[in-house]
Protein chains: 2
Amino acid sequence: MVSAMKDVKGAPLADTAAFRLGRLGALAADRFTARIAAHGVKPKHVALLAALAAGGAESQQDLAGVLRVAPSLVVGLADRLEQLGAVRRERDPVDRRRQVLSLTEAGHTLLAQCTADAHAVDAELLDGLSGKAKETLRATLAEIADRHGLSI
Amino acid sequence: MVSAMKDVKGAPLADTAAFRLGRLGALAADRFTARIAAHGVKPKHVALLAALAAGGAESQQDLAGVLRVAPSLVVGLADRLEQLGAVRRERDPVDRRRQVLSLTEAGHTLLAQCTADAHAVDAELLDGLSGKAKETLRATLAEIADRHGLSI
DNA sequence: AAGAATCATTCAGAGTGAGAATGATTCTGA
DNA sequence: TCAGAATCATTCTCACTCTGAATGATTCTT
């Protein structure tokens, strides 16, 4: 029964985008983490800043949704960013349960620095790829993120 | 000083491949993790199986290098896989300090199942992209991984 | 006005991984 | 040949991150 003969090597695990994204994502995250440590923040802090800059999410509850983390986690992130003077935290006068976060001038600066760090990681991570390949990659990642509701 | 006027929005953080890889990597990893849980393993177990299948790493020390984790972590991974009957663990007769791991028939089967899971995650993660875009993405990720010594 | 729902916060606990200490084995050099 | 250094696997402790369950304050509903 020749038809029962199967490939010795089917498409390897490493050929899947899922697995590679996991590995490369961890690599990228590690490098980004190392760079932004100089500013006293971690990726989740930066994500929160970016979410604020993007608009559409002000309350900690909303931010938890955008970042896809538990609301209780946002408390600590906001604590830290407030301590750094990067965000303001004010009770919503209309609904005093809500904490409304907003970027300060220092927050914008911090976000810009971290964005520069991300670009630096890009440069070393994508080094060797053609400019076109880089563009295509960014566009494809953006589309995938978009399709899965990852605004940030 | 018109030249001092800076963009209100420079290239956003989300435009970097680094940041998106981190986010999408986590997303992909979560979904992959959920699927393979049915087989009683986690991504690191699968990575170990894949590393064995790829060849070139037999000892736990070598595997730790390939997986980029501490050797102490490999112990638990190998314990679990051995318990599942997916790997054999034998002392190297030439150097009895080394544990030589090898895939059993069940190990090959398990890896194949997990690879199928990864393909399933690919399907839903990349849904909507053109076939060409998927191919380009996989190739680009492969190249990046390669350039950074990520054999697995 | 009372009870349900919502938001932020605190707290306890699970999960993950690194690094130091240990023991067994092998290597090195005199 | 032998003593000390080096290597490998293992165990154990610790730090870190995150979630989910209380809790209290406030708002919504009827």
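Keep in mind it's a predicted model, so treat the numbers as computed, not measured. Lettering follows sequence order; numbering is per chain, from 1.
Residues meeting the side chain to side chain donor-acceptor pair (under 3.5 Å) test with A:Asp15, sequence neighbours left out: none. For B:Arg68, there are no side chain to side chain donor-acceptor pair (under 3.5 Å) partners, not counting sequence neighbours. Applying the salt bridge (Lys or Arg N to Asp or Glu O under 4.0 Å) criterion to A:Asp127, with sequence neighbours excluded, gives no partner residue. Under the salt bridge (Lys or Arg N to Asp or Glu O under 4.0 Å) criterion, B:Asp122 pairs with B:Arg138, not counting sequence neighbours. For B:Thr104, the side chain to side chain donor-acceptor pair (under 3.5 Å) criterion is met by no residue, not counting sequence neighbours. For the salt bridge (Lys or Arg N to Asp or Glu O under 4.0 Å) test, residues two or more places apart in sequence or in another chain that qualify with B:Asp79 are B:Arg89. With sequence neighbours excluded, the residues that form a side chain to side chain donor-acceptor pair (under 3.5 Å) with A:Arg147 are A:Glu143. A:Asp146 pairs by the salt bridge (Lys or Arg N to Asp or Glu O under 4.0 Å) definition with nothing, not counting sequence neighbours.
Among the nucleotides D:dT10, D:dG20, D:dC18, the one closest to any side-chain atom of B:Ser72 is D:dT10. In the set D:dT10, D:dG20, C:dA18, C:dA18 carries the atom at the smallest distance from any side-chain atom of B:Ala70.
Rounding to whole angstrom units, CG of residue B:Leu77 and C1' of C:dA18 are separated by 14 Å. In this structure, CG of B:Asp79 is placed 11 Å from C1' of D:dT11, rounded to the nearest angstrom.
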**Prompt:** How does protein contact run along nucleotides 23-30 of chain D, one letter per nucleotide 5' to 3', with B for base contact, S for sugar-phosphate only, - for none, heavy atoms under 4.0 Å?
**Reply:** --BBS---
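At a non-hydrogen distance threshold of 4.0 Å, nothing from residues 20-38 of chain B comes into contact with DNA chain D. Residues from residues 40-51 of chain B placing a heavy atom under 4.0 Å of any atom in DNA chain C, listed by number, are B:Lys42, B:Lys44.
Not one side-chain nitrogen or oxygen of B:Gln61 sits closer than 4.0 Å to the OP1 or OP2 atom of D:dT7. A close approach under 4.0 Å does occur between a side-chain nitrogen or oxygen of B:Gln60 and OP1 or OP2 of D:dT10. Within the 4.0 Å cut-off from OP1 or OP2 of D:dC8, not a single side-chain nitrogen or oxygen of B:Arg89 is found.
Using a 4.0 Å heavy-atom cutoff across all strands shown, A:Val69 reaches sugar-phosphate atoms only and no base atom.
Contacts classified as salt bridge (charged side-chain N to carboxylate O under 4.0 Å, His left out) and involving residues 92-103 of chain B (residues at least two apart or in different chains) are given here: B:Asp92-B:Arg98, B:Asp95-B:Arg97.
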